[in-house]
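Please read the structure below before turning to the comments.
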Amino acid sequence: TFYTNVSSVPPLHLLNATRSAWETFEKLAGCHAGNKTDGLSKLKQYFRRFGYISSASVANFTDDFDDVLESAISTYQKNFNLEVTGKLDAPTLQQIVKPRCGNPDMIDGASGMNAGRKLRAVAR
Amino acid sequence: YSFFPGKPQWPKRNRDLSYAFVPQNNLTDEVKQVFARAFARWAEVTPLNFTRSESLFRADIVIGFFSGDHGDGEPFDGPMGTLAHASSPPTGMFHLDGDEDWLISGEEMNRRILPVTSVVDLESVAVHEIGHLLGLGHSSVEDAIMYPAISGGHRKVELAKDDIEGIQHLYGDGGSSRRNETSGGAE
């Protein structure tokens with residue numbers, strides 16, 4: 001649907017439209033390495049879709065918070081300028097549920113975003 | 001800024017690119033104008049020119065709205081989630097999620113409405129996807145057009161320094177800096 005201005009959007013529609021396709025991920029808050037939680041396999045699929053987990057590395061996604069997921073979260077946090085904790089903390093989940101471009105952030109495990117860059121320091 | 005692997009770009013002999021809309025979408029001129037504005041933003045800082053074509057087969061870039069599985073292996077997921085995707089040069093495939101609610105007014109949204117809306121500013125998404133069509137990947141710079149995420153209701157259409165540096169690395173500035181100097185408008 002195309003809206004020519006905001007006032008043409010029906011109010012009820014606005015209220016019903018806040019659900020994100022990925023808002024189920026919000027219940028994963030606080031998960032960390034070693035946990036097994038329903039929904040983690042879907043989160044792994046999300047990370048695979050955007051290039052953070054290679055299709056070759058995992059044949060079947062489980063609900064285990066394993067090393068692969070922890071590494072994917074850390075790389076994602078670097079790319080989005082979040083604190084790198086490797087955990088599903090609130091700022092990371094808030095970023096994950098935001099609508100976004102469908103193109104991957106990483107292709108063949110490489111990224112031109114923060115995670116693919118070396119930090120350089122210059123002594124003065 | 002970043003590039004696709006191998007830094008693909010449109011060939012030097014093809015600096016005048018044409019774009020066409022999938023006719024089945026029956027888009028109004030008002031909607032098509034949003035894309036024209038988005039293309040113009042990139043044309044301003046590069047030697048590239050963009051013109052609308054009525055021929056789907058002769059166009060360099062094809063734009064269409066699709067729902068769910070639309071045959072390219074990257075199905076859309078309904079409202080919000082993923083909004084659009086585009087190919088690297090020189091493929092020219094630009095797909096938008098037909099299940100989204102798109103705002104085409106070009107106006108900022110009232111901050112009180114922002115938290116409760118999933119209406120997405122079409123021009124913001126179009127400017128971002130055109131960046132992909134021209135060869136840019138995603139950027140970690142939050143103010144950049146090529147930052148991958150955008151919240152419902154937000155409008156971000158101005159190219160940032162990061163976007164301009166990235167695209168001019170691929171195509172040069174097309175004399176845009178000279179134009180600014182002669183017009184005395186450079187700040």
Side-chain angles (χ1 to χ4, degrees), chain A residues 1-25 42 45-46 48-52 55 75-82 84 91-92 94-117 119, chain B residues 1-5 27-28 30-31 34 65 74-88 95 97-110 113 115-120 122 125 128-129 131-132 136-142 146-153 166:
Chain A
T1 310
F2 297 103
Y3 293 99
T4 48
N5 56 56
V6 184
S7 55
S8 63
V9 183
L12 273 177
H13 177 85
L14 283 175
L15 291 169
N16 291 333
T18 54
R19 291 178 65 83
S20 158
W22 298 314
E23 78 171 9
T24 51
F25 292 151
K42 280 198 170 174
Q45 285 168 22
Y46 172 98
R48 180 173 61 180
R49 190 186 192 311
F50 296 111
Y52 292 90
S55 303
T75 309
Y76 181 88
Q77 289 168 331
K78 274 184 212 164
N79 276 347
F80 285 87
N81 309 307
L82 299 162
V84 180
T92 305
Q94 279 165 16
Q95 183 65 47
I96 287 172
V97 300
K98 277 186 186 170
R100 56 161 292 157
C101 169
N103 282 33
D105 300 331
M106 303 181 73
I107 298 170
D108 299 330
S111 171
M113 295 175 73
N114 279 348
R117 300 232 167 111
L119 291 174
Chain B
Y1 55 87
S2 72
F3 306 110
F4 290 97
L27 300 176
T28 62
E30 217 173 354
V31 175
V34 175
F65 289 82
E74 300 289 343
F76 284 123
D77 50 11
M80 309 303 270
T82 52
L83 306 172
H85 53 236
S87 60
S88 57
H95 296 169
D97 190 344
D99 287 331
E100 305 294 345
D101 292 318
W102 297 101
L103 185 66
I104 58 170
S105 70
E107 66 187 59
E108 291 286 345
M109 206 174 280
N110 186 321
I113 298 175
V116 293
T117 184
S118 66
V119 180
V120 181
L122 180 59
V125 175
H128 176 96
E129 298 304 329
H132 286 317
L136 290 179
H138 285 149
S139 170
S140 289
V141 178
E142 203 169 346
M146 296 315 293
Y147 188 75
I150 186 166
S151 299

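Residue numbers begin at 1 in each chain, while the letters A, B, ... track the order of the sequences. Bear in mind that the values here come from a model prediction, so they are computed numbers and not experimental data.
- Counting heavy atoms of neighbouring residues, nucleotides and ligands inside a 6.0 Å radius, atom CD of E30(B) does not exceed 12 of them.
- To the nearest 0.5 Å, atom CZ of residue R100(A) and atom CD1 of residue I150(B) are 12.5 Å apart.
- For the pair C101(A)/H132(B), a side-chain contact is recorded, criterion being any heavy-atom separation below 4.5 Å from C-beta on.
- Minimum interatomic distance between T4(A) and S105(B) (heavy atoms only, all atoms of both residues): O-CB, 2.6 Å.
- Of the two parts of Y46(A), neither the backbone nor the side chain holds a non-hydrogen atom closer than 4.5 Å to a non-hydrogen atom of chain B.
- Taking CD1 of I107(A) as the reference point, atom OG of S88(B) lies at 7.5 Å (rounded to 0.5 Å).
- Rounded to the nearest 0.5 Å, atoms CG (D99(B)) and OG1 (T1(A)) are 9.0 Å apart.
- Of all heavy-atom pairs spanning S140(B) and N81(A), the tightest one is O-ND2, 2.7 Å.
- Note: A84(B) leads S87(B), G137(B), A84(B) in heavy-atom pairs under 4.5 Å with chain A.
- Annotation: the span from M113(A) atom CE to Y147(B) atom OH amounts to 7.0 Å, rounded to 0.5 Å.
- Looking at E100(B), the atoms closer than 4.5 Å to chain A (heavy atoms on both sides) all sit in the backbone: N, CA, C or O.
- N114(A) contributes atom CG, which lies 8.0 Å from atom OG of S139(B) (distance to the nearest 0.5 angstrom).
- One distance of note links NE2 of H138(B) with CE of M106(A); it measures 13.0 Å at 0.5 Å rounding.
- Chosen from I104(B), V141(B), V125(B), the residue pairing most often with chain A at heavy-atom distances under 4.5 Å is I104(B).
- A pairwise comparison of heavy atoms in S2(B) and G112(A) identifies CB-CA, 3.4 Å as the closest pair.
- For the options F65(B), F76(B), F3(B), heavy-atom pairs under 4.5 Å to chain A are most numerous at F65(B).
- Both the backbone and the side chain of N103(A) come within contact range of chain B, each with at least one heavy atom under 4.5 Å from a heavy atom of that chain.
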